[in-house]
Amino acid sequence: MIYTYMPLIGWIRLQNGYYLPISSDDKKIAFLHKVSAETPARNKQSETLGSETPKFRSSVALTGDSLSSELKLALDKLSLEKTVSSIDDKAQVFNVRPAIHMDAMAFGMGCCCLQITFQATDVDESRFLYDQLAVMAPIMMALTASTPVLKGRLADTDCRWGVISECVDDRRPAERGRTGGPLPDPDVAGKGYRRLYKSRYDSISTFLYQGASTEESQMSNRILNMYNDIPVPIDEDKYRDLREAGIDPLLSQHIAHIFARDPLVIFDGAIEEVDDETQTEHFENIQSTNWQTVRWKPPPPRKGPNDPHIGWRTEFRSMEIQLTDFENAAFTTFITLLTRVILTFDLNLYIPLSRVDANMQRAHGRNAAVKGKFFFRRHMAPLETGDDGFGEQYVSMFSTAVNGNKEKLTTTYSNDNLHGLQRNASHAEADDDVLGKGVSEKRRVAPNASGGAEENSYAEMTMAEIMTGKGGYFPGLIPLVYAYLDHIQCDSLTMERMTQYLDFIEKRATGQLVTPATWVRNFVRSHKDYKFDSVVSDSIAYDLMVACNEIGLGKRAAPELLGDVEIRPISATEAYVKKLESKRVNNEQIISLLERYSSRKTFGATDRGGNYRKTLRISTQNEENKAVEYYI
């Protein structure tokens, strides 16, 4: 197909025949930005606490010999050089930075993702998991990166998050910290002038687990989580109401932070008709349009005694969707096991939120899973003390496993304000019941950064180091998951599948296998029709979709993506023959089914350690209406 070039003032003609406006109709919003060739542009937001968006906006000078051949061709295709010469002052050295113009919310919200919701034992556990998973969010997003193409263009980023963040960013100029904009509006949250440092789709702005102190009388009105080091805009009235109702400071801050924005969507018949005394639709309206990397979800009200009981939950939201069910299952299983590891082994992943934001920015980079470095806590457990002959020497608890040191050391909390928290390892069982809920003091004081500088230190680590370990002080997350599986005496069949998942994740973390984003990028760049101008043409897009579909169905091998994992072909034959029944069965049927399975060797009376398994008791009545109890 041949196109005739007809220059239009204020527009740039793209290779596919479409025209891209240089600015909005009123000339107030520039879609292509001028950048000085003498001083490379910097993302100023990334240098402040609480950046506006998690996406890096790195740029370079685009003139002369500094242009790569690929970028020169891209500029040529976009006719940008002609535009620059016509709109710029010849005395100044300016140029235009190519951008992908996405003018609809669907470009962001149309992206796919992998989200998992965990139900916790109680409200405190859900809040603690919220904090720990928030630290893991950018790590897992980089490891699952799969979004290198946007609106038919090969981007210099690998993840979706920054695009969605901008697509739903409804802040007014004053809320962004800029001048101008409409006058204060009393009907808008914060009158439209409260400073909001992030989009409503972004990383979290505050940790949620309050922490504890031995000096409750003096500390009960303070937020004890010392890792909150970025600004948190709140609705002051909501915060005051929550505190007066007896809600602790950090949870009050979290809820008041959500209410710092207006609802984004209002449904007909769900405004005055909603009874706030018995329903939570209004809260969920605001809660569900504050999209963050993790979401804390209180139980919905039960309308009747037979309604299901849904507890306190934490949703993990950062991971990107994968090409195969195997990959999705691997990452779902891994993050689920990691939550069990954190709770069972009493671990602490806290780092300052400013570093979590920095990790979110870094996770967007091209091939960040292999080439990037991320801030991560050096010591996930309290340091132990030993005597080196010259004084106290602090070592990691995990070094005993790495170095083969079996000596039991004493755990010491060094903060003077927490002098009452010193415990010997032999008192661990007593520590675990300080709240009567099996919650240790280590977890209670984790948000306080109560240890010394070394105990609470963090460092830049590669993905391989985070997953497999670094030195004698950091064991790696994958070895910890293996340790947990051994601790619960995982059966051999399940262990075989878990090993397959963990080996796959380890290979991706070490670069032996590529992320879906890298695979897609390599596919596009190696396609016969690609002109190295960032344009993903119709033919490339079609072939890419066919290849992705065949990989997902198990019809096409992708060893660079999956290694030696074989995806079995998926067939719809007889897929809908059996209906998943949900009708209630009587006790006799349940007992009959359970007896059939209890007779199997794998359901023996004892576990591998010779201890009796926990039994399941079912009560029913026999033919004479006498109570009978069955133990399975």
Using a 6.0 Å distance limit plus a 45 degree cone around the ring axis, check whether Arg443 lies over the aromatic ring of Phe128.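 So Arg443 does make the cation-pi contact.
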
Rounded to the nearest 0.5 Å, what separates atom [atom1] in [X] from atom [atom2] in [Y]?
| X | Y | atom1 | atom2 | result |
| --- | --- | --- | --- | --- |
| Arg178 | Arg172 | CZ | CZ | 15.0 Å |
| Gln119 | Leu129 | CD | CG | 11.5 Å |
| Gln292 | Ser165 | CD | OG | 11.0 Å |
| Lys373 | Ile466 | NZ | CD1 | 11.0 Å |
| Met140 | Thr293 | CE | OG1 | 13.5 Å |
| Asp241 | Ile255 | CG | CD1 | 12.5 Å |

Shortest non-hydrogen separation from [X] to [Y] and the atoms involved:
| X | Y | answer |
| --- | --- | --- |
| Gln322 | Asn328 | N-OD1, 3.0 Å |
| Ala363 | Ala142 | CB-CB, 3.9 Å |
| Cys167 | Gly108 | SG-N, 3.4 Å |
| Arg160 | Cys112 | CD-O, 3.5 Å |
| Phe374 | Ala368 | CE1-O, 3.7 Å |

Using salt bridge (Lys or Arg N to Asp or Glu O under 4.0 Å) as the criterion, list what pairs up with Arg377, not counting sequence neighbours.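 By the salt bridge (Lys or Arg N to Asp or Glu O under 4.0 Å) rule, Arg377 matches no residue at all.
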
Using the side-chain hydrogen bond (donor to acceptor under 3.5 Å, both in side chains) rule, take Asp202 and Tyr197 through it: C-alpha gap first, then chi angles, then the decisive distance, then the call. CA-CA 10 Å; Asp202 217 308; Tyr197 296 89; over 6 Å; no

List for me each residue that meets side chain to side chain contact (heavy atoms under 4.5 Å, CB included) alongside Glu315, sequence neighbours excluded, and say none if there are none.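 Side chain to side chain contact (heavy atoms under 4.5 Å, CB included) check on Glu315 returns Gln115, Thr117, Arg295, Lys297, Arg317.
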
Not counting sequence neighbours, which residues clear side chain to side chain contact (heavy atoms under 4.5 Å, CB included) with Thr518? List them please.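 Applying side chain to side chain contact (heavy atoms under 4.5 Å, CB included) to Thr518 gives Asp158, Asn367, Val514, Thr515, Asn522.
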
State, yes or no, whether a side-chain contact exists between [X] and [Y] at a heavy-atom distance under 4.5 Å.
| X | Y | value |
| --- | --- | --- |
| Met463 | Val370 | no |
| Tyr227 | Asp229 | no |
| Val188 | Arg261 | no |
| Pro182 | Tyr193 | no |

Strictly by modelled atom types, are Glu320 and Ser146 linked by a side-chain donor-acceptor pair under 3.5 Å?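 Yes, side-chain donor-acceptor contact under 3.5 Å.
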
Return yes if a side-chain donor-acceptor contact under 3.5 Å exists between Trp296 and Ser126, otherwise no.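 Present: a donor and an acceptor within the cut-off.
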
Keeping the roles fixed (side chain from [X], backbone from [Y]), state whether a donor-acceptor pair exists under 3.5 Å.
| X | Y | value |
| --- | --- | --- |
| Arg194 | Ala260 | yes |
| Lys198 | Ile204 | yes |
| Gln279 | Asp275 | yes |
| Asp131 | Leu208 | yes |
| Thr289 | Asn285 | yes |
| Arg302 | Ile310 | no |
| Lys151 | His101 | yes |

With sequence neighbours excluded, residues passing ring-ring contact (aromatic ring centres under 6.0 Å, His included) with Phe207: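 Per chain and number, Phe207 pairs via ring-ring contact (aromatic ring centres under 6.0 Å, His included) with Tyr350.
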
Does Asp169 pair with Arg200 as a salt bridge, N-O distance under 4.0 Å?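 Judged by the 4.0 Å cut-off on N to carboxylate O distance, Asp169 and Arg200 do not form a salt bridge.
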
With a 4.0 Å cut-off on N to O distance, would you call Asp357 and Arg362 a salt bridge?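 Salt bridge between Asp357 and Arg362, a charged N being under 4.0 Å from a carboxylate O: no.
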
Excluding sequence neighbours, so at least two apart, what forms side chain to side chain donor-acceptor pair (under 3.5 Å) with Arg313?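 With sequence neighbours excluded, Arg313 shows a side chain to side chain donor-acceptor pair (under 3.5 Å) to no residue whatsoever.
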
For Asp538, I'd like to know if atom CG has over 12 heavy atoms of other residues, nucleotides or ligands within 6.0 Å.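 No, CG of Asp538 has 12 or fewer neighbouring heavy atoms, counting only those of other groups under 6.0 Å.
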
Pairs flagged by ring-ring contact (aromatic ring centres under 6.0 Å, His included) wherever residues 240-288 is involved - sequence neighbours left out: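 Residue pairs with at least one partner in residues 240-288: Tyr130-His254.
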
Could you go through Lys191 and Asp185, starting from their C-alpha distance and side-chain angles, then the distance that decides it, and tell me whether this counts as salt bridge (charged side-chain N to carboxylate O under 4.0 Å, His left out)? CA-CA 5 Å; Lys191 297 182 179 180; Asp185 185 347; over 6 Å; no

Determine whether Thr121 and Glu125 satisfy the following criterion, side-chain hydrogen bond (donor to acceptor under 3.5 Å, both in side chains), listing intermediate values before the conclusion. CA-CA 6 Å; Thr121 303; Glu125 184 177 285; 3.2 Å; yes

